Amino acid sequence: MAKEPKFWLVKTESTCFSVQDLAKQTKQTTCWSGVRNYQARNFMRDEMKQGDQVLVYHSSTDEPAIVGVARVAREAYPDHTAWDKKDEHFDAASTEDSPRWFMVDLQLEQIFKEPLPLAMLRSIPALKNMELLRKGSRLSVQPVRKSEFEAIMKLAK
DNA sequence: GCCAACGTTGGC
DNA sequence: GCCAACGTTGGC
């Protein structure tokens, strides 16, 4: 039996890799490399499935916001940037025989006409339990409830 | 720049 | 296994 598609949110610093950068990629698809947190990795490696929808969030900016939606285009495979000594996410503990870090491919689906700022999201009752809004939340790949995803898509119209 | 809230590391 | 010290994230 096919499982229900799941919903996610990924964070990125827009100065590092923005949703606009994603739009410029071939097929508007990129590998979501560089995640170096076990909990976030486990979500990508074990639970993200092709076709799942993924909110894209810009952090560490003047106005942190959810800026668009992508879709999982390829399920988890080893993050090769961990093997590149020159890469800022290099990790000597990850080898090709025994990779420690994984990534998925994300394909852009939509850039919101207006970003949905964090401060505004905090005022939405339907989102009050959202992981993103939890005080001290630092998880860079996090699950989103269907109801939350739908509320956000409604706001984006 | 500040600092709260984490996650990681390493001594014991 | 505990926990203090340290490093990082990320809003403000």
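Predicted, not measured: the structure shown is a model, and the values here were computed from it. We name chains A, B, ... by the order of the sequence lines, and we start the count at 1 in each one.
Rounding to whole angstrom units, CG of residue A/Asn37 and C1' of C/dG7 are separated by 14 Å. Between the P atom of B/dG7 and the CH2 atom of A/Trp101 lies a distance of 13 Å, rounded to the nearest Å.
Judged as a side-chain hydrogen bond (donor to acceptor under 3.5 Å, both in side chains), and not counting sequence neighbours, the contacts of A/Ser137 are A/Glu131.
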If you restrict it to nitrogen or oxygen atoms, what contacts under 3.5 Å exist between nucleotides 9-11 of chain C and the protein, and what is each distance?
residue : atom : partner  : partner atom : Å
C/dG10  : OP1  : A/Lys11  : NZ           : 3.1
C/dG10  : OP1  : A/Arg138 : O            : 3.1
C/dG11  : OP1  : A/Tyr57  : OH           : 2.4
C/dG11  : OP2  : A/Ser60  : N            : 2.9

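Ranking B/dA4, B/dT8, B/dG7 by closeness to the A/Gln39 side chain, first place goes to B/dG7.
Taking a cutoff of 4.0 Å between a charged side-chain nitrogen and a carboxylate oxygen, A/Arg36 and A/Asp91 do not qualify as a salt bridge.
The aromatic rings of A/Trp101 and A/Tyr38 are tilted relative to each other, their planes meeting at an angle between 30° and 60°.
A distance-only check finds no donor-acceptor pair linking the side chain of A/Arg41 to the backbone of A/Val35 [under 3.5 Å].
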Can you give each donor-acceptor pair under 3.5 Å made by side-chain atoms of residues 48-59 of chain A, sequence neighbours left out, with the distance rounded to 0.1 Å?
residue : atom : partner  : partner atom : Å
A/Gln50 : NE2  : A/Ala73  : O            : 3.4
A/Asp52 : OD1  : A/Lys6   : N            : 3.0
A/Asp52 : OD2  : A/Trp8   : NE1          : 3.0
A/Asp52 : OD2  : A/Lys49  : N            : 3.0
A/Gln53 : NE2  : A/Glu109 : OE1          : 2.8
A/His58 : NE2  : A/Val19  : N            : 3.1

